[in-house]
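Please read the structure below before turning to the comments.
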Number of protein chains: 2
Amino acid sequence: MSTSAGQAEAQQKAPGNQPKTARGEATRRSILSAAERVIGAKGYNDASIGHITSEAGVAQGTFYIYFKTKEEVFSELVLEMGRLVRHKIAEATQGIENRLDAEKVGLKAFLEFVRAHPDLYRIVQEALFVDPDAYEAYYTTFADGYRSGLSAAAEAGQISEGDVETRAWALMGIARALGEQLVVFKSEKPVQELVDCAYDLIANGLKP
Amino acid sequence: MSTSAGQAEAQQKAPGNQPKTARGEATRRSILSAAERVIGAKGYNDASIGHITSEAGVAQGTFYIYFKTKEEVFSELVLEMGRLVRHKIAEATQGIENRLDAEKVGLKAFLEFVRAHPDLYRIVQEALFVDPDAYEAYYTTFADGYRSGLSAAAEAGQISEGDVETRAWALMGIARALGEQLVVFKSEKPVQELVDCAYDLIANGLKP
DNA sequence: ATGAAACATGAATCAGTATTCATGTTTATC
DNA sequence: GATAAACATGAATACTGATTCATGTTTCAT
């Protein structure tokens, strides 16, 4: 009924508590965003609830009004990363007919997002150890989309034939490695240069 | 002076204690190998010293005869993974003149190693959070070798021109993603199939 | 054979921190 | 403006697990 509380309905895993007022909404958001920064910076284990709540400017107990456990806030961040990234890429590749073009534009959108959200990127990596299910869901969701895109492109003769499953993982691997360049290894290289080089490799291969 | 204690000399980071007798040597090795299994399976934080020592069949205190901290044993495992993997690849690509052939053979060797040592693979991934320096060293060492290999190949006209730095990371990304397929997502696909598909992509690209 | 160094033990220490709870404050509705 | 629900507090609880240590046992050079 109110302005923007539509997503509360279809929640799957019995979350801590959804806020019922604007104040609660704001507090919850501020905890989530503090968690993103703190966990992204220190890693899951060194990020204590105390750190997170003090970064958010609330008391320690307040955390447990909105999240059942430390793991829950982490999982939510992984989900958020998935949603945001997929949205960015879908938005950027909207209406592009040719798969190779879409590949290029999508890669660029991905890398720009990752550079803008280094904490989220690291959180997804750590999910392999903290919340393996979320990690797996993140990548398989991605891979599914990739695979069907590649299949369609092969049908349409836009790309050569080949095992779409393996290709999807390989292409995701390239994107991930370049993202890591930016976030983990702090490369200053312009995103466009990375994209152009990777695109050339993806499209033409290494053969002279 | 004795048979095989030559590596004790050039140690960098003041390690716990190197064993001085055959018994000590054996105990240390058994702790290290237990740590590999336990940390690989449960992750760094859930793998307690108690778990590791009981898996190794020694008392808890014994751990600290050979390792100063829990982190130290972890770092040593990351180093070990780097040494072993580089060795495997070097061995496999020994004497191969053509870079693209070497790429194919090296990728196969890498994937076979990874499938045989899933625990070590996971440990390297976790190093990003537990021991970032070791993580960085692992990948930059790899990338350095890759880069110079690609440069030489480009000189020799075996591959097309292109930014070797970015290409190196992209190719490492492919290898890593396929390794992850095997270890994390438990794919049953034969290594050779993955290699053939990835090689085709690397050599020829996606263009029809 | 013997003494010193190396190795091994496992119970005790010690610190950190996730989670709970009893108590107060704010918000919204009647 | 009163009442209940929602929200907020921060001190107390409870537990885990890395590290230490006082005490034994084994190895080995002499």
Side-chain angles (χ1 to χ4, degrees), chain A residues 1-3 5 8 14-35 38-39 41-77 126 129-131, chain B residues 1-5 8 14-32 34-35 38-39 41-77 126 129-131:
Chain A
M1 293 82 184
S2 66
T3 36
N17 272 336
Q18 293 305 119
K20 306 268 202 293
T21 73
R23 182 164 67 133
E25 191 80 35
T27 304
R28 193 188 138 97
R29 239 198 289 282
S30 117
I31 293 172
L32 199 58
S33 134
V38 174
I39 297 180
K42 308 170 96 84
Y44 181 77
N45 278 281
D46 291 349
S48 71
I49 303 296
H51 288 138
I52 293 170
T53 50
S54 94
E55 171 84 12
V58 300
Q60 211 152 305
T62 306
F63 180 93
Y64 290 91
I65 296 173
Y66 301 105
F67 303 97
K68 263 210 276 295
T69 64
K70 185 180 169 185
E71 234 184 278
E72 189 179 279
V73 79
F74 182 89
S75 302
E76 193 150 323
L77 288 171
E126 195 165 16
F129 305 97
V130 175
D131 184 350
Chain B
M1 287 89 175
S2 66
T3 36
S4 64
N17 272 335
Q18 293 304 119
K20 307 270 202 293
T21 73
R23 178 165 69 134
E25 192 81 34
T27 302
R28 192 188 139 97
R29 239 198 289 283
S30 116
I31 293 173
L32 199 58
V38 175
I39 297 180
K42 307 168 96 84
Y44 181 77
N45 278 283
D46 290 350
S48 72
I49 303 297
H51 290 136
I52 294 171
T53 50
S54 95
E55 170 84 12
V58 301
Q60 208 150 311
T62 306
F63 180 92
Y64 291 90
I65 296 173
Y66 301 105
F67 303 96
K68 262 209 278 291
T69 64
K70 187 180 170 185
E71 234 185 277
E72 189 179 281
V73 79
F74 183 88
S75 302
E76 194 150 322
L77 289 171
E126 196 165 14
F129 306 97
V130 175
D131 185 349

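First the proteins, then the strands, lettered A, B, ... as listed; each starts at 1. Everything quoted here is computed from the prediction, not taken from an experiment.
- Heavy-atom minimum distance, B:Asp46 versus B:His51: O-ND1, 3.4 Å.
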> Taking protein heavy atoms under 4.0 Å as touching, what does nucleotides 22-30 of chain D look like 5' to 3' if B marks base contact, S marks sugar-phosphate-only contact and - marks none?
Replying inline: ----SS---

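- Summarising the geometry of A:Val130 relative to A:Glu71, their closest heavy-atom pair is O-OE2, 3.5 Å, with the distance given to 0.1 Å.
- With rounding to whole Å, A:Lys20 atom NZ is found 18 Å from D:dA4 atom P.
- Residues B:Phe67 and B:Leu32 form a side-chain contact, since some pair of their non-hydrogen atoms from C-beta on lies under 4.5 Å apart.
- Residues passing the ring-ring contact (aromatic ring centres under 6.0 Å, His included) test with B:Tyr64: none are found, sequence neighbours excluded.
- Applying the 4.0 Å criterion to OP1 and OP2 of D:dA8, one finds that A:Thr27 has a side-chain N or O inside that range.
- At whole-Å resolution of the value, CZ in B:Phe67 and P in C:dA8 are 12 Å apart.
- Whole-Å rounding puts the A:Glu25 CD to C:dT27 P distance at 15 Å.
- Regarding B:Glu72, its CD atom lies at a distance of 10 Å from the P atom of D:dT19, rounded to whole Å.
- With contacts defined as side-chain heavy-atom distances shorter than 4.5 Å, the pair A:Val73/A:Phe63 qualifies.
- At whole-Å resolution of the value, CZ in B:Phe63 and P in D:dT19 are 7 Å apart.
- Between A:Asn17 atom CG and D:dA5 atom P there is a gap of 15 Å when expressed in whole angstrom units.
- The side chain of B:Ala59 lies closest to C:dT9 when the candidates are D:dA8, C:dC7, C:dT9.
- Residue A:Arg29 holds its CZ atom at 4.5 Å from CD of A:Glu25, rounded to the nearest 0.5 Å.
- Atom CZ of residue A:Phe129 and atom OH of residue A:Tyr44 lie 14.5 Å apart, to the nearest 0.5 angstrom.
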Using a cut-off of under 3.5 Å, enumerate the N/O to N/O pairs linking the protein to nucleotides 15-18 of chain D.
{"unit_1": "D:dA18", "atom_1": "OP1", "unit_2": "B:Lys70", "atom_2": "NZ", "d": "2.9"}
{"unit_1": "D:dA18", "atom_1": "OP2", "unit_2": "B:Ile49", "atom_2": "N", "d": "2.7"}

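- Between A:Gly61 and B:Glu71, it is A:Gly61 whose nearest contact on DNA chain D lies nearer the 5' terminus.
- B:Leu77 CG to B:Glu72 CD: the interatomic distance, rounded to the nearest 0.5 Å, is 11.0 Å.
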